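Worth knowing before you read on, the calculation uses all heavy atoms, side chains too, and leaves out hydrogens, waters and symmetry mates. Every chain is numbered from 1 and lettered A, B, ... according to where its sequence line falls, protein lines coming before strand lines. Here the structure is a predicted model, which is why all the values come from computation and not from measurement.
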Amino acid sequence: MIPMHYYLILSAALFFVGVYGFIARKNLLAVLISVELVLNAVEINFCVFNRYLYPQQMEGMFFSLFGIAIAAAETAVAIAIIMNIYRNLQNIDVRHIDSLKH
Amino acid sequence: MDFSGFLLMRQEVALTAAMLALLLYDIFGPASWRQHLRLVATVAMAAVVAVGFLPATTGEAFGGCYVASEMTALMKNILTVATLFVFLQIGGWLRAGERAHREGEFYYITTATLLGMELMVSAGNFMMLYVGVELASLPLACLAAYDKYRNKSAEAGAKYILFSALSSGVMMFGLSYLYGAVGTLYFSDVSAVVSPTPLALLGFVFFFAGLAFKISLVPFHLWTADVYEGAPTGVTAYLSVASKAAGCFVLLFTLYFVFGRIEGIWYAMLWALSVATIVIGNLFALRQKDIKRFFAFSSISQAGYIMLGVMGGTAQGMASTVYFILVYLFSNMAAFGVIAAVEGCSGRTDIAAFDGLRRSNPRLAFVMMLALFSLAGIPPFAGFFSKFFIFAAAAARGEYVLVFIALVNTVVSLYYYLLIVKAMFINEAEGEGLGRIRTDNYNRLSLVLCTAAIIGVGIVSAIYGYVGDMSAGVALK
């Protein structure tokens with residue numbers, strides 16, 4: 001079996017790639033994708049801890065399932081809001097969405 | 001099958017019933033009924049508030065996922081009362097212009113977020129907490145973007161949904177490490193086995209950071225000002241009171257009952273965060289020109305004071321925190337009611353719009369003055385007593401330095417709150433000024449109730465006694 005810490009390194013890397021993307025990407029959809037990376041890192045973590053450390057119960061797996069469902073809802077709302085921005089501004093670049101900055 | 005668990009959840013059940021009733025009324029009701037939607041929504045919300053004041057039942061449901069106590073009932077009452085005020089204040093705005101045909105949406109989206117907050121408060125399991133947090137924040141993003149043809153509102157919605165998604169991601173990442181360390185997600189089990197191992201601490205810090213985003217503690221406050229400014233005024237009021245209060249209640253429960261064994265760790269973190277939050281919130285509030293942005297920073301610094309009460313760590317700390325939030329609810333709601341009235345008349349939200357308000361609308365100016373005095377903590381208004389109890393709780397821990405810093409900041413905050421009072425009472429309006437504002441009866445009712453509460457809640461000591469009894473009833477440690 002693959003050692004557990006390989007998975008943990010993967011999920012930690014995914015998490016920080018997601019956080020970096022959240023800060024660095026300029027397109028709102030890319031920012032949203034970065035957030036999804038963070039959520040995926042969480043789900044990997046839960047499954048791995050459940051499978052390796054506590055195989056007698058299923059709490060971690062259930063948390064992952066709930067997380068996936070809620071992440072889908074989150075994406076739907078976020079994309080609706082981004083589309084609304086596009087209708088107003090014809091643009092979803094974060095550098096142009098600055099009417100609240102000043 | 002045993003349905004007795006649902007009896008414990010009667011506030012949630014009543015709220016769900018109200019939500020579905022509003023939805024069905026909006027969709028299937030004939031057009032002639034639609035004009036009564038505002039009244040129906042207000043009455044439904046008032047009924048939910050009334051259900052909350054029935055004698056509380058205590059116990060657990062769903063295998064410990066859901067916990068009801070007298071304290072959670074009180075906290076949920078605070079949240080529902082805040083929502084009722086929002087309904088009273090925003091109804092007129094919802095009717096105006098192109099928004100009229102989607103008025104019903106606002107009411108049931110708001111009740112959905114309220115349901116999420118109630119589940120957060122009553123959670124006994126981290127998965128339940130997570131579902132509650134998301135149910136509270138996803139519809140709230142829709143509300144922030146409700147005024148969809150205005151760029152600022154759309155922008156506020158996008159900022160809110162992205163930040164809340166990231167913060168719940170951070171929170172869940174922490175929970176996953178915590179799960180790895182302790183092997184359970186139930187509050188009662190976690191509290192029995194949590195110990196300061198590196199993995200558990202890492203998980204706790206991430207979890208705390210995610211929650212701090214929701215309460216907008218410094219340095220996690222960067223979304224606050226933009227979202228508060230861009231969102232419709234009633235939604236800003238809702239964000240600054242109900243959303244923040246729910247986050248604080250969750251923080252209170254998790255820190256006291258789940259992470260009680262690692263108190264030394266979170267105590268030091270809270271110390272630093274509360275000082276930073278109070279100071280930075282105050283300093284940035286000084287230079288704001290927009291009243292909604294101003295109240296964003298004011299609410300950040302108030303969150304710092306709330307953390308002072310949380311640090312009390314005893315039944316006294318809990319009582320002072322909940323009491324502070326109760327008073328903050330009435331003060332902030334009064335202020336936002338006046339802001340909504342002025343914005344509805346002039347369309348402006350800058351502080352200069354309040355110039356000469358006393359001459360044109362003496363009663364509105366008076367209510368705003370009381371609200372600001374209460375927020376600043378001037379006796380004999382309720383805000384003075386709530387701040388006093390918070391300081392007393394912190395001083396009981398021997399935190400005299402912290403109390404001193406907070407007191408100095410209270411003086412700073414007095415300056416910027418009085419700037420608005422000065423604008424209303426001393427400055428003269430440019431040109432013709434606002435003219436007489438006619439607030440509708442609903443908003444007038446909310447302002448009267450808030451004013452009565454600002455004056456009464458502090459003087460009627462039975463209220464603090466009631467909150468104190470509730471806190472003492474919750475077994476601490």
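- The contact between F22(A) and chain B is made entirely by side chain atoms (from C-beta outward), counting heavy-atom distances below 4.5 Å.
- Contact annotation for residues 31-38 of chain A against chain B (heavy-atom separation below 4.5 Å, listed by residue number): V31(A), L32(A), V35(A), V38(A).
- Distance alone, capped at 3.5 Å, places no donor-acceptor pair between the S298(B) side chain and the F294(B) backbone.
- Residue pairs satisfying the salt bridge (Lys or Arg N to Asp or Glu O under 4.0 Å) criterion with at least one member in residues 139-150 of chain B, sequence neighbours excluded, are listed as follows: R99(B)-D147(B), D147(B)-R150(B).
- For a heavy-atom cut-off of 4.5 Å, chain B lies close to I85(A), N88(A), L89(A) in residues 85-94 of chain A.
- Between F207(B) and F126(B), the ring center distance clears the sub-6.0 Å criterion.
- Using a 4.5 Å cut-off between heavy atoms, Y177(B) contacts chain A through both its backbone and its side chain.
- The candidate with the highest count of non-hydrogen atom pairs below 4.5 Å against chain B, out of I82(A), N50(A), L8(A), is N50(A).
- With a threshold of 4.5 angstrom between heavy atoms, T184(B) approaches chain A through its backbone and through its side chain.
- If you measure heavy-atom distances from F206(B) to chain A, the contacts under 4.5 Å come from the side chain alone.
- In this structure, S191(B) contributes its side chain and V258(B) its backbone to no donor-acceptor pair below 3.5 Å.
- When A154(B), G180(B), G169(B) are compared by the number of non-hydrogen pairs under 4.5 Å with chain A, G180(B) comes out ahead.
- In this structure, a donor-acceptor pair under 3.5 Å is absent between the side chains of E59(A) and Y54(A).
- No part of V133(B) comes within reach of chain A, as not one of its non-hydrogen atoms sits under 4.5 angstrom from that chain.
- Top candidate by heavy-atom pairs under 4.5 Å with chain B, chosen from G18(A), A76(A), A41(A), G60(A), is G60(A).
- Relative orientation of the F16(A) and F173(B) rings is perpendicular, given thresholds of 30° and 60° on the angle between their planes.
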Quiz item: Step by step, would you call E343(B) with T349(B) a side chain to side chain donor-acceptor pair (under 3.5 Å)?
Solution: CA-CA 6 Å; E343(B) 190 194 7; T349(B) 56; 5.5 Å; no
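- Each of T75(A), N84(A), L28(A) has some count of heavy-atom pairs under 4.5 Å with chain B, and the biggest count is that of N84(A).
- With a 4.5 angstrom heavy-atom cutoff, L135(B) does not touch chain A via any of its atoms.
- For the pair T236(B) (side chain) and Y228(B) (backbone), a donor-acceptor distance under 3.5 Å is present.
- R102(B) places a side-chain N or O within 3.5 Å of a backbone atom of Y146(B) that can act as its donor or acceptor partner.
- Checked against side-chain contact (heavy atoms from CB on, under 4.5 Å), A225(B) has the following partners two or more places apart in sequence or in another chain: R293(B), A296(B), F297(B).
- Of the listed residues (I70(A), L53(A), V77(A)), the one with the most heavy-atom contacts under 4.5 Å to chain B is I70(A).
- Between the side chain of S216(B) and the backbone N or O of F213(B), no donor-acceptor pair lies under 3.5 Å.
- Ranked by heavy-atom pairs under 4.5 Å with chain A, the first of A165(B), A145(B), S153(B) is A165(B).
- Without hydrogens or angle criteria, S122(B) side chain to L119(B) main chain gives no donor-acceptor distance under 3.5 Å.
- Of the candidates L239(B), V235(B), D226(B), L143(B), Y160(B) forms a side-chain contact (heavy atoms from CB on, under 4.5 Å) with just one, namely L239(B).
- In this structure, the portions of A12(A) lying under 4.5 Å from any heavy atom of chain B include both its backbone and its side chain.
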Quiz prompt | Step-by-step side chain to side chain contact (heavy atoms under 4.5 Å, CB included) determination, S11(A) to V48(A) | solution = CA-CA 10 Å; S11(A) 72; V48(A) 167; over 6 Å; no
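- Of the charged side-chain nitrogens involved, none lies within less than 4.0 Å of a carboxylate oxygen, so that K292(B) and D290(B) do not count as a salt-bridged pair.
- Between Y66(B) and F62(B), the ring planes are perpendicular. Angles over 60° get that label, and only those under 30° would be called parallel.
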